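Heads up, the thing below is written out as structure tokens.
Remember, it's a predicted structure, so these values are computed and weren't measured experimentally. First the proteins, then the strands, lettered A, B, ... as listed; each starts at 1. Hydrogens, waters and symmetry mates are skipped; everything else that's a heavy atom, side chains included, is used.
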Amino acid sequence: MNPKHNLKQAIDSLYRHTHVNPEAYTRLVLDCVRLNDTHQAKRLQTHMDNNLFEPTTTFIHNRLLHVYANSGKLSDARNLFDKMPQRDIFTYNAMLKAYSKMGSVDDLLGLFKTIPCKDSVSYNTVIAGLGTRGCVSEALEVFVRMQKEGVEVTGYSYVSVLNACSRVLDLRRGKEVHGKVVVCGLMFSGFVCNALTDLYAKCGEVDAARWLFDRMRDKNVVSWNSMISGYLKNGLVEKCIELFSEMKLSGVKPDVVTVSNVLGAFFQMGRIGEAQKLFAEIEKKDVISWTTMIVGHVQNGKEEDSLVLFNEMLMANVKPDKFTISSVVSSCARLASLFYGQTIHGKSVHMGVEDDTLVSSALVDMYSKCGEPTEARKIFDTIHAKSTVSWNSMILGYAQNGKDLEALTLYEEMLNNGIKPDSITFVGVLSACIHEGLTERGDQYFRSMTKQHGIVPTLDHYACLINLLGRSGRVEGAFETIKGMPYKPDSLIWSTLLSVCKLNGDIEHGEMAAKQLFELEPNNAEPYITLSNMYAAKGRWKDVAAMRSVMNSNKIKKFAAFSWVELDGKVHKFVSEDRAHPESEAIYRELNRIIRKLLKAGFTPNKNLVLHDVGDDEKLESICYHSEKLALAYALMKKPEGRKTVRILKNIRVCGDCHLFMKFVSRIIGRTIILRDSNRFHHFSAGCCSCKDLW
DNA sequence: ATAGGGTTAG
């Protein structure tokens, strides 16, 4: 029947006897090895200890050690190793294996030094262990030493050392090893050739990899996978899919690794349907293929589907790991779904992965993007070994939520803790300065990047600087910055300039920025709308009309705007002037009630923010029923009582009228509103917004 | 008498 169950029963019966003959132990330990069953191995060892059984050879203990080593049970391995009366080369090699899988590099090298009679296997194990930790020079050192000491260098040695090189993309040293492989005549070994193919592919020399691949006599599934993943890593997505077709014709059966690679290729091309079809065809779906599906959906803006997939994965009894959890957490972040985010947070705690860098920073990001910087901070404070990534997530979280001074304080704290800031850190720091209007301080931070931290500013940082200068009225300075950049300005730079021009009513520079954007992104309606609104603000209706006719003749469509709210775990989506919701009538009644209340309190809709120069009544109509207002009305209607915060999400930037509207609602109706638009967070409370009216 | 070390995917 079930071999694992049989083993358990055999060991159960062992426990009913006190005297056991050595052959029985030998038989059982071999079963433990065959099934790699650490649990039964431990029970077996306990039984031997309890009965003071002292084996005459090292064999049984060595096999137990091997089971522990192979399943990463480092402490069990170490305990057994420490109390073994005699040790031979098999003992040492098994312990080396345990360290190379789990322990520190120091432990690994420390043990290696003490081994009295190292053989080829000892060397190969250490080289492999060093390689998986990215210690290439150490791995190479051991490799050289083994040659000097006359230990036999085998295919195993070459594969391990090549793997070390490819892990850190060290092609120069990899090529030296390649030379040695040729001299030794090991080019016909499949393992060695696969490792070489992988090395060249990973290091960006796809053609060299393909050359080797084409000359391989017996390509196995790993050969194909190495080449397919090489194409994918180098962005040759079509080649990757093409080779997959060739593979199917070759008669080598694709496995779950092949499919995971090809899935990645389909997702990169947005061919989601094909990815789903391919995924459905794999019989044995593992964590990685599920996670690839989840990540692929998130990358293609299908966050809800990624959560559905996550559920299906759990139903299929595949255990998620830290990669899965961090990607579903970021799915929740992008959806700003506090409900699911908290559920998955709970799951991560249960799994014990919440302290992992990947997971914890995703959690900090999730709570921040749900407008909960205080919760984010709680997570941040529990992280044991905070990495640059952890600090970055929290600094950015504060900055996104209008807690700009907290962001800057945290940055100073980061420096005091001796953590090195990186390029991302400064995006957070600079945007905090922008919103606080700290022009001088921001400028200093910008200069400190190169001077004190050796970080080359990217276009993102220049965009922050332009924002910083522009918002303090120095549009000319912002423009000079663009001219002085070591890069060609991209659309981000020009749209940043355009937005500060709008703030300053600087039509001259605004037109210049818009003109660049028209060329860089001919289908983007944003610059047309912004420029048009700038003209409208100055009453230049002729120019407004001209903009509209250009948009019409070039068939430029506004990006569909929508907002959504999450109520009791269900997402409700609205578009402008939406009548599709089943409770539409009630929603409009509620919204009109709110509008009347606000008008009495002095709210004046800002009619200049409408693109079309239509009649005033019509303007009012189209502006009053923007999607975020409908979402707000729905949320207030469904949750009228209590002081609960209303959270609304919007896929594009909030307009000035809606912003003013929300401020009024927070004061007159007395509810806190968190509105996340495509750009940042707006916390409305008592008539004020955390963005300080700059966005 | 028995035993060990290596390649591919997020």
Out of B:dA9, B:dG10, B:dA3, which has the shortest distance to the side chain of A:Thr58?
-> B:dA3

Atom CD1 of A:Ile288 and atom P of B:dA9: how far apart are they, to the nearest Å?
-> 8 Å

Just compare B:dG5, B:dG10, B:dT8 and give me whichever is closest to any side-chain atom of A:Tyr156.
-> B:dG5

To the side chain of A:Ser229, which of B:dA3, B:dG10, B:dA9 is closest?
-> B:dA9

Validation row, ring centre A:Tyr367 to ring centre A:His345 under 6.0 Å | yes

Euclidean distance, atom CG of residue A:Leu65 to atom C1' of B:dG5 [Å, nearest integer] | 15 Å

When you get a sec, tell me which of B:dG5, B:dG6, B:dG10 is the closest nucleotide to the side chain of A:Val121?
-> B:dG5

Confirm from the modelled atom types if A:Asn194 and B:dG6 form a donor-acceptor pair under 3.5 Å, side chain to base only.
-> no

With the side chain defined as heavy atoms from C-beta on, A:Asp321 is closest, among B:dG10, B:dT7, B:dT8, to B:dG10

Interatomic distance, A:Lys253 NZ vs B:dT8 C1' [rounded to whole Å] | 17 Å

Reckon A:Asn163 touches a base, only the sugar-phosphate, or nothing at all at heavy-atom distances under 4.0 Å?
-> sugar-phosphate

Examine A:Tyr200 together with A:Trp211 and report whether their ring centres are nearer than 6.0 Å.
-> no

Would you mind classifying the nucleic acid contact of A:Lys118 as base, sugar-phosphate or nothing, using non-hydrogen atoms under 4.0 angstrom?
-> nothing

Given atom CG of A:Leu263 and atom P of B:dT8, what is their separation to the nearest angstrom?
-> 19 Å

A:Asn220 CG to B:dA9 C1', straight-line distance once rounded to whole Å = 15 Å

Just call it for A:Lys322: base, sugar-phosphate, or nothing, with non-hydrogen atoms closer than 4.0 Å on any strand.
-> nothing

Listed nucleotide nearest any side-chain atom of A:Val222, set B:dT7, B:dG5, B:dA3 = B:dT7

At under 4.0 Å between heavy atoms, what does A:Ser223 touch on the DNA or RNA strands: base, sugar-phosphate, or nothing?
-> nothing

Under 4.0 Å between any heavy atoms, over every strand shown, what does A:Leu30 touch: base, sugar-phosphate, or nothing? Just pick one.
-> nothing

Distance-only side-chain donor-acceptor flag, A:His297 / A:Asp305, under 3.5 Å | no

Are A:Lys369 and A:Asp365 ion-paired here, with the side-chain N under 4.0 Å from a carboxylate O?
-> yes

OP1, OP2 of B:dA9 versus side-chain N and O of A:Lys202: anything below 4.0 Å?
-> yes

Choose from B:dG10, B:dT8, B:dG5 the nucleotide whose nearest atom is closest to any side-chain atom of A:Asn225.
-> B:dT8

If you check the A:Asn62 side chain, which of B:dT2, B:dT7, B:dA3 turns out closest?
-> B:dA3

Between B:dG5 atom P and A:Leu111 atom CG, what is the distance in whole Å?
-> 15 Å

How is A:Ser122 classified with respect to the nucleic acid when contacts are heavy atoms under 4.0 Å: base, sugar-phosphate, or nothing?
-> nothing

Does A:Glu141 pair with A:Lys148 as a salt bridge, N-O distance under 4.0 Å?
-> no

Starting at atom OH of A:Tyr68, determine the distance to atom P of B:dA3, rounded to an integer number of angstrom.
-> 21 Å

Answer with base, sugar-phosphate or nothing: what part of the nucleic acid does A:Thr26 contact at a heavy-atom distance below 4.0 Å?
-> base

Check the pair A:Phe90, A:His66 against ring pair (Phe, Tyr, Trp, His ring centres under 6.0 Å), reporting the backbone distance first and the verdict last.
-> CA-CA 9 Å; A:Phe90 290 106; A:His66 175 248; over 10 Å; no

Round to a whole Å and report the spacing from CE of A:Met146 to P of B:dG6.
-> 13 Å

How is A:Ser166 classified with respect to the nucleic acid when contacts are heavy atoms under 4.0 Å: base, sugar-phosphate, or nothing?
-> nothing

Establish whether the base of B:dG10 is bridged to the side chain of A:Thr291 by a donor-acceptor pair shorter than 3.5 Å.
-> yes

Nearest-neighbour nucleotide for the A:Thr154 side chain, B:dA9, B:dG5, B:dG10 considered = B:dG5

Out of B:dA3, B:dG5, B:dT2, minimum distance to the side chain of A:Thr57 belongs to B:dT2

Can we call the ring centroids of A:Phe244 and A:Trp224 under 6.0 Å apart?
-> no

